[in-house]
Chemist: 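So that we are looking at the same thing, I have put the structure below in C-alpha cells.
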Amino acid sequence: MLNFNYCNPTRILFGRDEHRHLGTHLKAVGFERVLIVYGGGSAVKNGTIAAVQASLEENGIEYFTIGGVRSNPTLEFAEKVKKIVRDSEIQLLLAVGGCSVIDTCKVAAAGACYEGDPWDFFTKGVAIKAAVPVACVLTIPAAGSEQSVRMVINHNGLKLGTASEKIRPIMSVVNPELFFTLPEKQIAAGVVDMISHIFERYFTNTEHVDFVSGQAEAAIRTAMAFGPKLLENPRDYDSWCQIGMVGSWAHNGYYGLGQVEDWACHAMEHELSAVDPTITHGAGLAVITPAWMRYVQSVNLERMLRFAREIMGKDTIEEGIAALEAFYREMKMPAKLSEFGLTDAVLVECAKSACARTGTIGQFKKLASEDVLAIYRSVA
C-alpha cells in the first residue's frame with residue numbers, strides 16, 4: 001500500500017426532505033448570495049427547484065437561477081455561469097441536478113477565480129488555486145461528483161477531465177425521494193457508472209490493499225443487488241438509499257486510497273461521447289468495461305481472479321467477465337458499439353484521440369492507440 005493524504009470535507013445531508021432544509025445549513029456557514037444552476041427542466045416540473053428556493057427565502061438568502069445545462073455539458077455554458085458569478089458577486093454555486101450540472105458549476109467556480117481560459121485547467125495542466133464554493137442537491141445518483149474532486153467538460157470535440165481539492169463540494173443533499181421519477185435508462189446507466197468508478201480503482205497492481213479492496217467489493221455487490229430492483233420499482237426508497245450511498249462514495253477517493261488507479265475505460269468512453277453527446281456515459285462503459293477486462297487480464301491474473309470470485313461469485317476470470325456482461329444485459333444496457341451507430345472510421349479516430357495528449361492511457365496496463373482500437377473493435 002502507498003502513502004496517502006485524504007481529507008473529505010463534503011457534508012452529506014442524506015434522506016427525505018433534506019433539500020427543504022438546505023437554506024438553514026447554508027445560512028449557518030454564512031452564505032447570503034447564491035446562484036442555483038439546473039438542467040433541462042425536470043427539477044422545475046417536479047418542484048425541486050421551488051422547494052430549494054423556498055428554503056433559501058426562509059433563511060434570507062438571496063438567489064439567482066439559471067437552467068439549461070445539457071447532458072455531456074459544454075464549456076460554453078459553464079462560461080455563461082461564470083459570468084453571472086462574477087457580475088452578481090455570487091458567494092456559492094448551488095447545483096441542482098446530476099453530474100452534468102455539478103461539473104458545470106465546478107468549471108464555473110474555478111473559472112471565476114482565474115483570469116485565463118478555464119480550458120487551461122484541462123489542456124495545459126494549470127493548477128486550480130481557488131474556486132467559488134459549490135453545493136449540490138443531487139437528482140441523479142451516478143457520477144458521484146457531489147463528493148468528488150473531479151470534473152469533466154466538453155469543448156471543441158473533446159471531453160476532458162481534471163481534478164482539484166478546491167472544487168470538492170462543501171455540502172451535498174442526497175435525498176432518495178428525488179430519484180423516483182428517473183427514467184429506466186438513466187437508472188441503469190447510473191448504476192453502471194458508479195460501479196465503473198470503483199472498478200477504475202479496484203483494478204490496480206498495487207499490493208497489500210486488502211482493506212480497501214474488500215470495501216470496494218462490498219460496494220459493487222450492493223450496487224448489483226439493488227440496481228435491478230429499481231428497474232422493477234423506481235419508487236423503492238430503501239433500494240435508492242443503497243444505490244445513493246454507493247454512487248456518492250464510489251467517486252470520493254475512498255476506494256483508491258493507497259493505490260495506483262487505472263481510468264482507461266473512462267478515457268475510452270469519453271472519446272465516444274465527445275463524438276456523439278447523445279451517448280450516455282454509463283451505457284458506453286457497459287460495452288467497454290468487459291472488453292477491457294478481457295484485453296488486460298493477463299497483466300495481473302491474481303487481481304482478475306479476485307474480481308471473479310469475490311464480486312461475481314465465479315471460479316474463473318472468463319466466467320466472471322461473462323457474469324458481469326449478463327448483469328449489464330439485466331440492466332438493459334447495450335452490448336456493442338454498433339448500437340450507438342459508431343463506424344470503424346470513427347473508432348479509429350477515437351483511438352488516436354484517446355492517446356494523443358499523453359501517449360498512453362491507463363495504469364493497470366498502459367494502452368497505446370492500437371490497444372484502444374483493438375478493444376473498440378472487439379465489441380464493435
Side-chain angles (χ1 to χ4, degrees), residues 7-69 78 80-113 130-141 144-148 151 165-181 237 240-241 244-245 248 252:
C7 176
N8 179 5
T10 305
R11 180 180 295 277
I12 298 296
L13 309 174
F14 190 97
R16 289 186 171 96
D17 290 328
E18 284 296 335
H19 64 299
R20 302 182 187 277
H21 310 307
L22 181 59
T24 301
H25 294 282
L26 293 178
K27 182 180 179 180
V29 289
F31 291 107
E32 299 177 346
R33 200 171 177 87
V34 171
L35 175 61
I36 301 171
V37 183
Y38 65 94
S42 60
V44 175
K45 295 176 183 177
N46 63 24
T48 303
I49 293 293
V52 170
Q53 290 173 332
S55 179
L56 297 179
E57 291 170 4
E58 290 168 5
N59 287 277
I61 298 174
E62 184 178 8
Y63 63 84
F64 302 77
T65 306
I66 179 173
V69 179
K80 293 181 181 179
V81 176
K82 182 188 79 173
K83 187 176 187 304
I84 297 173
V85 171
R86 285 181 169 177
D87 291 349
S88 302
E89 299 181 343
I90 296 299
Q91 298 174 328
L92 175 104
L93 279 157
L94 177 54
V96 181
C99 178
S100 295
V101 177
I102 299 169
D103 283 10
T104 296
C105 287
K106 289 179 176 180
V107 175
C113 299
V132 175
V134 174
C136 312
V137 175
L138 189 66
T139 63
I140 304 173
S145 191
E146 69 276 7
Q147 273 200 77
S148 86
M151 61 183 180
E165 285 289 348
K166 302 294 184 182
I167 59 171
R168 195 193 291 268
I170 64 165
M171 191 179 299
S172 291
V173 172
V174 182
N175 175 4
E177 292 177 312
L178 301 184
F179 312 150
F180 285 177
T181 58
Y237 180 85
W240 271 127
C241 284
M245 289 283 286
S248 195
N252 71 5

Chemist: Taking atom CZ of R11 as the centre, report whether more than 12 heavy atoms of other residues, nucleotides or ligands fall under 6.0 Å from it.
Modeler: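 Result for CZ/R11: open.
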Chemist: Passes side chain to side chain contact (heavy atoms under 4.5 Å, CB included), C99 versus I140? Steps please.
Modeler: CA-CA 8 Å; C99 178; I140 304 173; over 6 Å; no
Chemist: Quiz question: by atom type and distance under 3.5 Å, do the side chains of T104 and K80 form a donor-acceptor pair?
Modeler: no
Chemist: Is any side-chain heavy atom of I36 less than 4.5 Å from a side-chain heavy atom of L56?
Modeler: yes
Chemist: Do H21 and E18 have side-chain heavy atoms sitting under 4.5 Å apart?
Modeler: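 Yes, close enough: below the 4.5 Å cut-off.
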Chemist: Does any non-hydrogen side-chain atom of W240 lie less than 4.5 Å from one of E177?
Modeler: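 They are not in contact (no side-chain heavy atoms under 4.5 Å apart), so the answer is no.
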Chemist: Is the side chain of Q91 donor-acceptor paired with the backbone N or O of F31 at a distance under 3.5 Å, no angle test?
Modeler: no
Chemist: Within the distance-only criterion (no hydrogens, no angle test), does the side chain of N59 pair as donor or acceptor with the backbone N or O of I61 below 3.5 angstrom?
Modeler: no
Chemist: Looking only at heavy atoms, which two atoms of R168 and C7 are closest? And how far apart?
Modeler: NH2-O, 3.5 Å
Chemist: Rounded to the nearest 0.5 Å, what separates atom CG in L93 from atom CD1 in I102?
Modeler: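 Taking CG in L93 and CD1 in I102, the distance rounds to 12.0 Å.
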Chemist: So, taking the atom named CZ in F64 and the one named CD1 in I84, what distance separates them when rounded to the nearest 0.5 Å?
Modeler: 9.0 Å
Chemist: Measure the CG-OG distance between D103 and S148 for me, rounded to the nearest 0.5 Å.
Modeler: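 Interatomic distance, D103 CG to S148 OG, rounded to 0.5 Å: 6.5 Å.
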Chemist: Could you state the interatomic distance from CD (E146) to OG (S248), rounded to the nearest 0.5 Å?
Modeler: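 Here the rounded value is 3.5 Å.
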Chemist: So, do L138 and C136 sit near enough that their side-chain heavy atoms are less than 4.5 Å apart?
Modeler: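 The answer is no; the side chains never approach within 4.5 Å.
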Chemist: For residues N175 and H19, report the shortest heavy-atom separation together with the two atoms involved.
Modeler: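 Result for this residue pair: ND2-ND1, 3.3 Å.
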Chemist: Considering only heavy atoms from C-beta outward, does the side chain of V96 approach that of T139 to under 4.5 Å?
Modeler: yes
Chemist: When you compare the side chain of L22 with that of L94, does any pair of heavy atoms fall below 4.5 Å?
Modeler: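 A side-chain contact exists here, since the closest heavy-atom pair is under 4.5 Å.
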Chemist: With a 4.5 Å heavy-atom cut-off, do R20 and E58 have their side chains touching?
Modeler: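 Side chain of R20 against side chain of E58, heavy atoms only: no contact under 4.5 Å found.
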Chemist: Supply the atom-to-atom distance K83 NZ to S88 OG, rounded to the nearest 0.5 angstrom.
Modeler: 8.5 Å
Chemist: A110 and I167: which non-hydrogen atoms are nearest, and at how many Å?
Modeler: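 Scanning both residues completely, I find the closest heavy atoms to be CB-CG2, 4.3 Å.
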Chemist: Could you give the distance from CG (N252) to OG1 (T10), rounded to the nearest 0.5 Å?
Modeler: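 Here the rounded value is 8.0 Å.
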Chemist: Is a donor on one side and an acceptor on the other found under 3.5 Å between the side chain of R33 and the backbone of L92?
Modeler: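 A pair under 3.5 Å: no.
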Chemist: Which heavy atom of K82 sits nearest a heavy atom of A108, and at what distance?
Modeler: N-CB, 3.7 Å
Chemist: Show the nearest heavy-atom pair for residues P176 and Y237, with the distance to one decimal.
Modeler: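 Nearest pair, atom of P176 first, then Y237: CB-CE1, 3.6 Å.
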Chemist: Is there a side-chain contact between H25 and S55, using heavy atoms and a 4.5 Å cut-off?
Modeler: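 With C-beta onward as the side chain, the pair stays apart.
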